[in-house]
Amino acid sequence: MSTVSDAFLRNDSFRSNSLRSESFSEEKDTGTVQEVGCLSIIVLGASGDLAKKKTFPALFHLFKQIQYVSGSYDSEGGFQLLNKQISEHELSKRSEPGTSRRLFYLALPPSVYPPVCKMIRRYCMNQSDLGGWTRIVVEKPFGKDLKTAEDLSSQLGELFDEKELYRIDHYLGKELVQNLLVLRFANRLFLPLWNRDNIDSIQIVFREDFGTEGRGGYFDEYGIIRDIIQNHLLQVLCLVAMEKPVSLYPEHIRDEKVKVLQSVIPIKFEEVVLGQYEGYKDDATVSDNSNTPTFATIVLHIYNERWEGVPFILKAGKALNSRKAEIRIQFKDVPGDIFESKRQGRNEFVIRLQPSEAMYMKLTVKKPGLEMSTIQSELDLSYGLRYQDANIPEAYERLILDTIRGDQQHFVRRDELRVAWEIFTPLLNSIEEGKLKPIMYKPGSRGPAEADELLAKVGYVQTHGYIWIPATL
Ligand SMILES: NC(=O)C1=CN([C@@H]2O[C@H](COP(=O)(O)OP(=O)(O)OC[C@H]3O[C@@H](n4cnc5c(N)ncnc54)[C@H](OP(=O)(O)O)[C@@H]3O)[C@@H](O)[C@H]2O)C=CC1
Ligand SMILES: O=C1O[C@H](COP(=O)(O)O)[C@@H](O)[C@H](O)[C@H]1O
C-alpha cells in the first residue's frame with residue numbers, strides 16, 4: 001500500500017475556477033463546505049503491473065511525495081497501522097477533524113475488493129462532517145460475468161454508497177473519448193446525420209502490437225472480451241450511440257448510457273469471430289489447452305429508432321500488426337450517384353483515439369486539374385498539428401482528478417455495469433464451455449481473415465486507393 005500527500009492540493013491553482021467545473025461540483029449538489037482538509041490517496045496493489053504502468057505515473061504528475069505502508073489485505077493490524085499513518089499525516093498537515101479526504105485506489109484483483117473494502121470501512125474511515133470524505137476507486141474487470149459482478153456490486157454496496165464508489169474505465173479519460181459528447185451535441189452538422197438513415201456501420205477498434213507479456217496468468221482468466229470489449233469499447237459505444245442527455249450532470253449522461261445498453265439485442269454467435277495468437281500458450285502461466293481469445297470481432301445491434309439495422313462492430317486484439325484505437329463511422333452510398341464515387345469508397349468519419357489523436361472525414365472531391373474526375377481525400381484535424389502547445393493529459397491523470405473533485409461523469413455506474421455484463425455473459429459462457437473456439441492467427445498479422453469476412457458480410461466496404469498525404473507546416 002502506499003499513500004500520497006496533499007502537496008498538489010496546497011497549490012492554489014487546484015482550487016481555482018478554471019480547474020473546477022461548477023456544474024459537476026459536489027458543493028453545488030450537497031451544500032457541503034469547500035474542501036480544504038488534508039487529502040490522502042491510498043493505492044492498494046502498489047507493487048502490481050497496473051499501479052506501475054498507469055496509477056503511479058498519473059499520480060506522480062499530480063503529487064510530489066509518496067509514502068509506502070506494507071501489510072496484507074486481510075490483516076486488521078495492517079489496516080489499523082495504515083489508518084494510524086494516514087491520521088498522523090493528516091495531523092502533520094494541520095487538517096481539521098472532519099475535513100480530511102481519503103481516496104483509496106484499489107489497483108488490485110477484484111477478488112480482494114470485498115475484504116479490503118471491509119477493512120477500510122472498519123478501520124480507515126475518517127470523520128466527514130466538515131466536508132471531508134472517503135472514496136474508493138476500483139479498477140476493471142468488475143467481476144467475470146453478470147453474477148460475479150452483481151455479487152461484487154452488492155458486497156461493495158453494503159459498505160459504501162454509490163457516490164463513494166468510482167469504477168474507473170481509463171478509456172473514459174482519453175481526450176477524444178471525452179470529446180465525443182462535444183462533437184456530437186455541439187455541432188449542428190452532425191445532428192441530422194447521426195442515425196440509421198445516413199450511417200451504414202460503426203466500428204470501434206482496439207489493436208495492440210504486443211502480446212500478453214508477463215500478464216498471461218491474469219489474461220488467461222479474463223480474455224480480450226473482458227479485458228477490452230466489455231468495458232473500454234462498450235463505453236465508447238455508449239457515447240457514440242446514446243441520445244442527447246438532459247444536461248451535462250453526470251447522472252443525466254449515465255442515464256442515457258444505460259438506455260443504449262438496454263437496447264442492445266442478444267449477440268448472434270454467427271456474428272462473432274474469436275482468435276488466439278500462435279505462441280500465446282507458450283507462456284508458462286497460460287494453460288496448455290487454453291480456449292481464451294486474444295482477439296475478437298463482435299457485432300452488436302441496437303434496437304431503437306436511431307440505430308435499428310446499423311451494425312456496431314467491436315474489434316479488439318493483441319499481438320497484431322499495429323497499435324491503434326479508433327472509431328470508424330461509415331456512411332451509406334450516395335443515392336443516384338452520377339460520379340461513380342462508389343467505386344473509390346464511402347464517406348468515413350474516423351476518430352482516432354490513439355496514437356496521435358486525430359479526426360478525419362474521408363470525402364470524394366474533384367481531382368485538382370482540368371479533368372472532371374474524382375478522388376478520395378479528407379478533412380483532417382490532427383491534434384498534433386492543430387494544438388501544438390496543448391498538453392493532453394494522460395487518461396488516469398484526468399480521472400484521478402475527477403475522483404478528487406467528486407465528478408462521477410466518467411465513471412461506470414452500477415446499473416450500467418450490470419447491463420454491460422448482461423450483454424456479454426451468454427457469449428462468455430459459451431466460450432468457457434468450449435462451444436466457441438478461437439481461430440489461431442500469426443502474431444504481427446491482422447488477426448483471423450474470418451474477422452474481415454464478417455465485416456464485409458455486415459456491410460463494411462473497405463476503401464481502395466485512398467492515400468493519405470500528411471500535411472506539413
Ligand atoms: N490525421 C491523420 O493522422 C490521418 C491519417 N490517415 C492515415 O492514412 C492511412 C489510411 O487511412 P484509412 O483508410 O482511414 O485507414 P486504413 O487503411 O488503415 O484502414 C481502413 C479500414 O480498412 C480496414 N482494413 C485494412 N486492411 C484491411 C484488409 N486487408 N482487409 C479488410 N479490411 C482492412 C481497417 O481495419 P482495421 O481497423 O482492422 O485496421 C480499417 O477499418 C492510415 O494509416 C491512417 O492512419 C488518414 C487520414 C488522416
Ligand atoms: O485496460 C487495459 O488497457 C490496456 C490498453 O490501454 P491503452 O490506454 O494503452 O490503450 C491493455 O493493454 C490491457 O490489456 C488492458 O487491461
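For ligands, and for the atoms within them, numbers begin at 1 and follow the listed sequence. All heavy atoms count here, side chains included; hydrogens, waters and symmetry mates do not.
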S.K.: Is the Phe349 ring parallel, tilted or perpendicular to the Phe190 ring (thresholds 30°, 60°)?
M.R.: parallel
S.K.: Using a 4.0 Å heavy-atom threshold (strictly under), name the region of Lys54 that reaches ligand 2: side chain, backbone, both or neither.
M.R.: side chain
S.K.: Can you check which of Glu394, Gln354, Glu208 brings a heavy atom nearest to atom 11 (C) of ligand 2?
M.R.: Glu208
S.K.: Run the salt bridge (Lys or Arg N to Asp or Glu O under 4.0 Å) check on Lys437 and Glu450 step by step: do they pass?
M.R.: CA-CA 13 Å; Lys437 298 229 179 276; Glu450 287 81 348; over 6 Å; no
S.K.: Does a salt bridge link Arg414 with Glu162, judged by any charged N lying under 4.0 Å from a carboxylate O?
M.R.: no
S.K.: Checking the N or O distance criterion of under 3.5 Å, is ligand 1 in contact with Glu348?
M.R.: no
S.K.: In terms of residue, atom name and distance, what is the protein heavy atom nearest to atom 6 (N) of ligand 1?
M.R.: Trp468 CD2, 3.2 Å
S.K.: Can you tell me which residue and heavy atom of the protein come closest to atom 10 (O) of ligand 2, and the distance to 0.1 Å?
M.R.: Tyr171 OH, 2.4 Å
S.K.: Output, in order, the C-alpha distance, side-chain angles, deciding distance and verdict of salt bridge (Lys or Arg N to Asp or Glu O under 4.0 Å) for Asp288 and Lys281.
M.R.: CA-CA 6 Å; Asp288 289 344; Lys281 287 186 275 208; over 6 Å; no
S.K.: Under 4.0 Å from atom 43 (O) of ligand 1, is there at least one protein heavy atom?
M.R.: no
S.K.: Hey, is Glu278 close enough to Lys442 for a salt bridge, meaning N to O under 4.0 Å?
M.R.: yes
S.K.: Any chance you could lay out the salt bridge (Lys or Arg N to Asp or Glu O under 4.0 Å) test for Lys259 and Glu256, step after step, and finish with the verdict?
M.R.: CA-CA 5 Å; Lys259 282 191 219 160; Glu256 293 306 330; 3.1 Å; yes
S.K.: So is Thr463 in contact with ligand 1, going by heavy-atom distances below 4.0 Å?
M.R.: no
S.K.: So for atom CG, which belongs to Leu189, do other residues, nucleotides or ligands contribute more than 12 heavy atoms lying within a distance under 6.0 Å?
M.R.: yes
S.K.: When you check the gap from the basic side-chain N to the acidic O, do Glu175 and Arg398 get nearer than 4.0 Å?
M.R.: yes
S.K.: Could you pull out, from Glu453, Arg328, His464, Arg386, the option with a heavy atom nearest to atom 40 (C) of ligand 1?
M.R.: Arg328
S.K.: Just to confirm my output: which protein heavy-atom neighbour is closest to atom 14 (O) of ligand 2, and how far is it?
M.R.: Asp227 OD2, 2.6 Å
S.K.: Establish, from distance only, whether the side-chain atoms of Tyr218 and Asp227 form a donor-acceptor pair under 3.5 Å.
M.R.: yes
S.K.: Taking distance alone, with N or O pairs closer than 3.5 Å, would you say Tyr466 contacts ligand 1?
M.R.: no
S.K.: Only heavy atoms of Phe206, strictly under 4.0 Å: list the atoms of ligand 2 that pass.
M.R.: 5 (C), 10 (O)
S.K.: Any side-chain donor-acceptor pair under 3.5 Å between Asp220 and Thr292?
M.R.: yes
S.K.: Identify the protein heavy atom lying closest to atom 45 (O) of ligand 1, giving its residue, its atom name and the separation to 0.1 Å.
M.R.: Arg352 NH1, 3.0 Å
S.K.: Can you tell me the protein heavy atom closest to atom 21 (C) of ligand 1 and the distance?
M.R.: Tyr460 OH, 3.2 Å
S.K.: Check for me whether Arg323 has a heavy atom closer than 4.0 Å to any atom of ligand 2.
M.R.: yes
S.K.: Return yes or no for this condition: an N or O of Glu378 is under 3.5 Å from an N or O of ligand 1.
M.R.: no
S.K.: Can you tell me if Phe219 contacts ligand 2 (heavy atom of the residue under 4.0 Å from the ligand)?
M.R.: no
